[in-house]
Amino acid sequence: HAELNSSGAQIPEPSAFSASGHRRDGDCARTRGGAPMAEAARKQRSPAAPRPVRCIVKLGGAAITNKGKLESIDEESLRSACAQLRQAMSESDGTAPEKVRGMDWSRRPGDPADPVVDAEGFAGMAGLGLDSNFVVVHGAGSFGHFQASRSGVHKGGLHSTLVKAGFVATRISVTSLNQEIVRALAREGIPSVGMSPFACGWSTQRRDLASANASQIIESLHAGFVPVLHGDAVLDESLDCTILSGDVIIRHLAQLLTPKYVVFLMFMEYMTVLQLTQMQYFSKR
């Protein structure tokens, strides 16, 4: 079965990619002054370099979905995780309760009335009172796995109509979960924006990350948004297509953005050696 959180792809060392996502080799990886291209790219995008990322948060698929039921979200767990994220971002001293102004202004199926929009409240705020310098990456859980495994997307071969159809079906599933997570964060007043690796141009070479343009992520952080990424079906230079896991994404972003913390929210009965190794690696950063 295809697993969006266990592709086993190897990630190059931090110097192997620039912030624009292109591979760098040898002397070409540096500017004339010797500064890494990643740093040069950051300076070119804005005269003021963005603040260091405070935290990358991984929401495990099993922690926020019901893995035994196809495309089923664990609403209580997701709501709790989003509330805890808001608390972690809050700049208040905690002595007085905060009023949460939600940003999900869309009507959901079955809602009895139109959403309430506190336009005057937002207009009168000097700021959100949040340190939004976070990145969220989530797993697929009960979304995407069924479609990917039935069609063999992870094996590649877009000449097959089954694989091509499965690629579309997998992306429909995982992006629908991404939208629901963005909405849950927005209901907590967190200015979150969904970002799909496929749409951002990320790709692989025999399942190893080959191109990972992070400029949109960095610019969104600089603008005060919280990027929300997910495991995705992507194009592969050798296999035509494959699955890019959330674990691979979070490792690459941790190497590129060097956050102060990397936090994993998981639900598991056991932990593999690989997961233990990854957690030890991040805990030492």
Side-chain angles (χ1 to χ4, degrees), residues 1-12 17 21-23 58-74 78 135-182 194-214 216-217 227-253 264 266-268 272 274-275 278:
H1 295 284
E3 291 292 338
L4 294 181
N5 61 352
S6 58
S7 71
Q10 297 298 311
I11 303 302
F17 286 90
H22 300 295
R23 273 190 183 276
K58 170 68 184 297
L59 300 179
I64 56 175
T65 71
N66 301 305
K67 291 204 72 172
K69 186 176 180 182
L70 180 63
E71 296 185 344
S72 173
I73 296 174
D74 186 333
L78 178 57
V135 176
V136 175
V137 181
H138 65 82
S142 60
F143 290 72
H145 291 289
F146 168 78
Q147 294 84 354
S149 62
R150 287 295 297 270
S151 59
V153 170
H154 59 297
K155 299 178 182 178
L158 285 175
H159 60 276
S160 164
T161 53
L162 172 61
V163 173
K164 186 166 289 185
F167 188 97
V168 173
T170 300
R171 295 211 67 253
I172 289 173
S173 184
V174 295
T175 54
S176 67
L177 174 61
N178 181 254
Q179 183 182 49
E180 290 305 312
I181 292 174
V182 169
M195 293 187 180
S196 295
F198 175 83
C200 290
W202 289 37
S203 63
T204 56
Q205 168 73 26
R206 293 193 178 277
R207 301 189 180 93
D208 288 344
L209 197 57
S211 178
N213 192 328
Q216 188 176 3
I217 297 171
V228 184
L229 293 87
H230 59 90
D232 204 0
V234 298
L235 300 180
D236 186 281
E237 295 173 11
S238 297
L239 305 173
D240 292 341
C241 65
T242 192
I243 296 298
L244 177 64
S245 76
D247 291 339
V248 173
I249 293 169
I250 203 168
R251 283 198 64 191
H252 175 66
L253 291 180
F264 292 80
M266 299 177 288
F267 173 81
M268 60 179 65
T272 66
L274 174 61
Q275 289 167 326
Q278 288 177 334

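Below, all heavy atoms of this structure are taken into account, side chains as well, without hydrogens, waters or symmetry copies. Numbering of residues begins at 1 and proceeds along the displayed sequence.
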Donor-acceptor pair, distance only, cut-off 3.5 Å: does the side chain of Thr242 make one with the backbone of His154?
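Flag set: sc Thr242 to bb His154 pair under 3.5 Å.
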
Test side-chain contact (heavy atoms from CB on, under 4.5 Å) on Val248 and Thr204 and set out the steps.
CA-CA 11 Å; Val248 173; Thr204 56; over 6 Å; no

Partners passing side-chain contact (heavy atoms from CB on, under 4.5 Å) against [X] (at least two apart in sequence or in another chain):
X: Val182; answer: Asn178, Ser192, Val228
X: Ser151; answer: Val153, Leu162
X: Ser176; answer: Phe143

Give me the atom names and distance for the closest heavy-atom approach of Glu180 to Leu78.
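Heavy-atom minimum between the residues: O-CD2, 4.3 Å.
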
Grab the two heavy atoms, one from Val163 and one from Cys241, that are nearest each other, plus how far apart they are.
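Looks like CG1-SG, 3.7 Å.
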
Which residues share a side-chain hydrogen bond (donor to acceptor under 3.5 Å, both in side chains) with Ser238, sequence neighbours left out:
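Partners of Ser238 by the side-chain hydrogen bond (donor to acceptor under 3.5 Å, both in side chains) criterion, ordered by chain and then number, come out as Gln205.
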
With Glu71 via side-chain hydrogen bond (donor to acceptor under 3.5 Å, both in side chains) - residues at least two apart:
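Counting only residues at least two positions away or on another chain, Glu71 forms a side-chain hydrogen bond (donor to acceptor under 3.5 Å, both in side chains) with Gln147, Ser173.
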
Value rounded to 0.5 Å, distance of [atom1] in [X] from [atom2] in [Y]:
X: Thr65; Y: His145; atom1: OG1; atom2: NE2; answer: 7.5 Å
X: Leu244; Y: Ile249; atom1: CG; atom2: CD1; answer: 4.5 Å
X: Asp232; Y: Ile243; atom1: CG; atom2: CD1; answer: 7.5 Å
X: Ile64; Y: Ile181; atom1: CD1; atom2: CD1; answer: 3.5 Å

Enumerate the salt bridge (charged side-chain N to carboxylate O under 4.0 Å, His left out) contacts for residues 237-246, please, sequence neighbours excluded, ordered by first and then second residue.
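Pairs touching residues 237-246 that pass the test: none.
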
According to salt bridge (charged side-chain N to carboxylate O under 4.0 Å, His left out), does anything in residues 143-169 pair up with another residue at least two apart or in another chain? List the pairs.
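Checked against salt bridge (charged side-chain N to carboxylate O under 4.0 Å, His left out) - neighbours excluded - no pair reaches residues 143-169.
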
Salt bridge Arg206-Asp236, side-chain N to carboxylate O under 4.0 Å:
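Here Arg206 does not pair with Asp236 in a salt bridge, since their nearest N and O are not under 4.0 Å apart.
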
State whether a side-chain donor-acceptor pair under 3.5 Å links Ser142 with Asn66.
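There is no such pair between these side chains.
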
Which donor-acceptor pairs under 3.5 Å do side chains of residues 194-203 form with protein atoms, sequence neighbours excluded?
residue, atom, partner, partner atom, Å
Ser196, OG, His230, NE2, 2.8
Trp202, NE1, Asn213, O, 3.0

